[in-house]
Amino acid sequence: MGLESIYTQLIMEHNRSSHNRRALKNPDISERGYNPNCGDDIVLEVEIEDNIIKDAAYSGVGCAISQASTSMMIDLVKGKSIDEALKLVDIFLSMIKKDITAEEELEVLEDSIIFQNISNMPARVKCAVLAWHSLREGLKHV
Amino acid sequence: MGLESIYTQLIMEHNRSSHNRRALKNPDISERGYNPNCGDDIVLEVEIEDNIIKDAAYSGVGCAISQASTSMMIDLVKGKSIDEALKLVDIFLSMIKKDITAEEELEVLEDSIIFQNISNMPARVKCAVLAWHSLREGLKHV
Amino acid sequence: MVKLDIEGIIDDFPTLNQDVNGHRLAYLDSAATTQRPIQVLDAMAKYNKISNGNPHRGAYQLSIRATEEYDFSRQRVKEFINAREVKEIIFTRNTTESLNLIANSYGMEFVKEGDEIVLSISEHHSNILPWQRVARQKGAVLKYMYLDDKGRITDEEMDRVIGSKTKIVAIAHMSNVLGTIHPIREIVERARRVGATVVVDGAQAVPHMKVDVRELDADFYVFSGHKMLGPMGIGVLYGKRKLLEDMPPYLLGGDMIEYVTEQDATFAPIPHKFEAGTQNVEGAVGLGAAIEYIEDIGLDSIRDHEMKLMEYTLDRLLDIPYVGIQGPKDLKSKGGIISFTIDGVHPHDVSTILDAYGVAIRSGHHCAQPLMKYMGLPATSRLSFYLYNTKEDVDQFIRAIKNVRKWLGYGA
Amino acid sequence: MVKLDIEGIIDDFPTLNQDVNGHRLAYLDSAATTQRPIQVLDAMAKYNKISNGNPHRGAYQLSIRATEEYDFSRQRVKEFINAREVKEIIFTRNTTESLNLIANSYGMEFVKEGDEIVLSISEHHSNILPWQRVARQKGAVLKYMYLDDKGRITDEEMDRVIGSKTKIVAIAHMSNVLGTIHPIREIVERARRVGATVVVDGAQAVPHMKVDVRELDADFYVFSGHKMLGPMGIGVLYGKRKLLEDMPPYLLGGDMIEYVTEQDATFAPIPHKFEAGTQNVEGAVGLGAAIEYIEDIGLDSIRDHEMKLMEYTLDRLLDIPYVGIQGPKDLKSKGGIISFTIDGVHPHDVSTILDAYGVAIRSGHHCAQPLMKYMGLPATSRLSFYLYNTKEDVDQFIRAIKNVRKWLGYGA
Ligand SMILES: Cc1ncc(COP(=O)(O)O)c(C=O)c1O
Ligand SMILES: Cc1ncc(COP(=O)(O)O)c(C=O)c1O
């Protein structure tokens, strides 16, 4: 896989954008995600109201892939119900594992579909999935 | 080295002879010699009078080489002074290590000179030296 | 899959195609270590020439390949012994290290004062000494199951020793001295009843018979690569996931961490928690290739082949009046190992004399001194088979045996 | 001895003569693991084809040869680091295991409550975690020597931290992150004054510079085969005889015993006391061949070669405005390692992008999280040299570096 398919315009924009990079006032969830091999270390915060993800944001450090993946995920799940969000996490992780490959099924992931081929870069898979795992962990404990 | 040079008439005789295989009444030294790799396990007993090795004997189990070497050593050191015996032990061990090779110097070992080439059978060296090491250890503590 | 034919495979083993002391080599010491087929050597050479890197840490090709090869070998081991999950497979250095790891991490953590640790009297030192240390440090009691006159552990003996205080039963699947296959299922059943944990030393079993850890239901199961056509320096520890997760790590450092601060650290999940420092990737690759070779032949064929050789050998050996045989003679309950003695000849001399005829066997206590003591023998000679042995090896062995006593001055 | 010429030796390294991702491979991660020359692979293959046996136990040719090869490698290691006696050389699995052995056998035995264990803040996790465990279990205190702004430990810092309560000082000879060569002699001097024991982690030093353990007067000195052209799965622990003799054994079982009874055991003398289970003979043979290769080139030539490459690299790297370099820039006090960062780009992205240009470097915390924290960086990228690297590698690296920021959307 060439660098083009991973260091894309879209990923770079999310990597450098700061609209999801902030702290929430009263997060219901604050979940640390850490990848000991490369040092990606984020804290994902989520505000929940009536079972709906009202707001989400992140802080911490990480590579372009983990940062972009986190930011895209936040854009995706905001406004969704907990169940919907968990469903999306499942679909994303299945996409990464190549368990789901059909375009129609992946559409719901919106921009995040761009990570479909990250498994061709095995050393970076963990960066792409970090935030998604953290969200799942966090939602478990609501 | 062929088996002929090691399983010789002389060694076999000593191996099967029991004249040194007995227990002493009042040993001054009783030294266990053990080779964990092959299980040779002997107890060497020595009676000392006026600095002279008056009697010596051994018990225990071991292979033909360790048994013969023990028996020949006992024949050799009986009647010798402690210092002479220690000297003989040194010469024997030096012969095994090939530090001494000159026939004239080795003559004092009498029959035991037959172990000169045991170093060509590295797995058996420990069997040949077991009793000699035990004697040295034992004499140290007189 | 086309099965390799077990006849003729000796050509795959360079070490076996040589003369020693002017005779063809009859290698009959596979219980100590096995020879490697070219397929295993080639797999390791290939790794070393194409894919070598430090795994788990790099984002570049060589490191990625090394990681993939390492993971692939772990997967292979998992399937070979039918573990539930790959993370239940820990790579160690050898059986000895695997057993030390279990004794230290599981034993030291969970054994309490007054608990009993049960071993069999036929254990290898590697499955005795670590438990002696646990017993001493924890104030636990070490108990032994003894063998009957056929070299077996009877039901009564299990019932006598395994009881309500038993915390751990540690036992070899196959004895390296007598070849006895111990009744692991029966032992596990009794252990379950009293809530004890079962540690199985599979060093001699895994190379020679189909082992299914799920079917055995052992809690831990360990073995060595070098006894199953693989390289030295690589071994396996299988443990049930829950147990492994509850155990503290053993070796510390390198890759097995999550966070490290000046004064404290948290650890990676299993299997990494137990694999500190740079992994032996080429060792794992070699072990993977060895498993592939074994599976190509098939463990049933291997066992079958060895049992035929055993029958052939025992027929001849039992005919020699001055040869004594220790342990079971019933082939169903034993592997391809025979311990024997020759009247009037110390086992060590037997080895040396056989070596002069090109026959490689082992003599000594076989790292099982308590068993020797129990049998009342200072040492035995031991012959052991593997898939590459042939009747020719046996014939050469028998001929040499018949010469032994002559060298020690006996008539025959 | 005719010295091999360091130019052109790259032909000895099959892994290095390949393309990755459409580029020639520039392997700049030897601090993680090194590539093996064919001479080392051949020596191991030869062992595996001619001499393989379980050492120390057999009276037959293969076992005798294996024993001889193993002993010969031990002898070679002894001479390579100028130890007093062969029995001071223990073969382990790697540096990590060597350090765990020391911490467990020496540390747990001799460190008492209130004692202080001194490390440097730049230690590898393998030289931190085992001491954290000792400190926790024994109620000892873990103290750190910090680095000055040039990445060095000053005399004042040593004097501040090493004091009358110091029982152990454990420190890397060369930092695997910054390349700093720590002042071992000065540390040993201070340790002697207060009666402390010095443990030196030589994983990064031994492959790259002449190490004389007698001259350094370190009490323990450890390193890994795979970082010095040897295979994975073999490492070394040097210890002063007296210390080794006084330590309890670590791994138990197999060959390291004298008498074993049902309830107790006594142990073989050193080095065997510390080498339980079947030894990794082929690993030792590979390490021996690696030492021979290194000696044929000469450690002075290797250091010289690496320093020339360092100068060449630093000249170019310091010119790039968005590149930051951590640690000393003074070549005399460092080895062939450069840690760096690129403004606005996470180190992990640097590695991936460089890999696409065929350049293999490493990014992350380099198993030194406390140092990262101390430097205030989440991670760095690291380049490291060995004797097979060339200016061509450096040029390729510099070209790739200049492309990195472009991929992340920066002008340059
Ligand atoms: C300074 C230092 N110490 C210890 C280690 C650990 O070595 P190994 O992984 O071979 O045990 C390394 C390398 O990873 C190192 O660079
Ligand atoms: C039954 C048994 N357990 C343990 C071991 C020790 O294996 P290793 O030396 O590979 O650690 C052996 C072989 O020596 C064995 O036969």
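Chain identifiers are assigned alphabetically (A, B, ...) following the order of the sequence lines, protein sequences preceding nucleic acid strands; residue numbering begins at 1 within each chain.
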Pick one of side chain, backbone, both or neither for [X], based on which atoms fall under 4.5 Å of a heavy atom in chain D.
| X | result |
| --- | --- |
| L354(C) | neither |
| M372(C) | neither |
| L142(C) | both |
| Y357(C) | neither |
| Y259(C) | both |

Show the nearest heavy-atom pair for residues [X] and [Y], with the distance to one decimal.
| X | Y | value |
| --- | --- | --- |
| G277(D) | T96(C) | CA-OG1, 3.2 Å |
| G254(D) | S126(C) | N-OG, 3.0 Å |
| S351(D) | A59(C) | CB-CB, 3.8 Å |
| M232(D) | P55(C) | CE-CD, 4.5 Å |

Are Q132(D) and D264(C) close enough that a side-chain donor and a side-chain acceptor fall under 3.5 Å? no

[X] side-chain N/O to [Y] backbone N/O, donor-acceptor pair under 3.5 Å:
| X | Y | answer |
| --- | --- | --- |
| N48(D) | P37(C) | no |
| E97(C) | L251(D) | no |
| N94(D) | Q279(C) | no |
| Q61(C) | N21(D) | no |
| E262(C) | P370(D) | no |

Side chain to side chain contact (heavy atoms under 4.5 Å, CB included), paired with H125(D), selected from L252(C), D255(C), V260(C): V260(C)

Do you know which of [options] has the most heavy-atom pairs with chain D at a distance under 4.5 angstrom?
| options | answer |
| --- | --- |
| I38(C), L129(C), T352(C) | L129(C) |
| E123(C), K373(C), H226(C) | H226(C) |
| G358(C), G233(C), S224(C), A135(C) | G233(C) |
| I121(C), I128(C), V359(C), I50(C) | I50(C) |
| I234(C), L101(C), V281(C) | V281(C) |
| N104(C), I361(C), I64(C) | I361(C) |

Options [options], ranked by heavy-atom pairs under 4.5 Å with chain C, top entry:
| options | result |
| --- | --- |
| M44(D), H366(D), R65(D), M256(D) | R65(D) |
| T261(D), I257(D), N127(D), N100(D) | N100(D) |
| R133(D), Q18(D), R136(D) | R133(D) |

Chain C heavy atoms under 4.5 Å from T95(D): which part of the residue, side chain, backbone, both or neither? neither

For E69(C), give me all partners under side-chain hydrogen bond (donor to acceptor under 3.5 Å, both in side chains), at least two apart in sequence or on another chain. S51(C)

One should read off an interatomic distance between S363(D) OG and Y60(C) OH, to the nearest 0.5 angstrom, of 10.5 Å

Are the side chains of L62(D) and T33(C) in touch, meaning some heavy atoms are under 4.5 Å apart? no

Is the Y250(D) ring parallel, tilted or perpendicular to the Y250(C) ring (thresholds 30°, 60°)? parallel

Residue pairs meeting salt bridge (charged side-chain N to carboxylate O under 4.0 Å, His left out), one or both in residues 25-36 of chain D, sequence neighbours left out, come to E282(C)-R36(D), D29(D)-R362(D), D29(D)-R382(D)

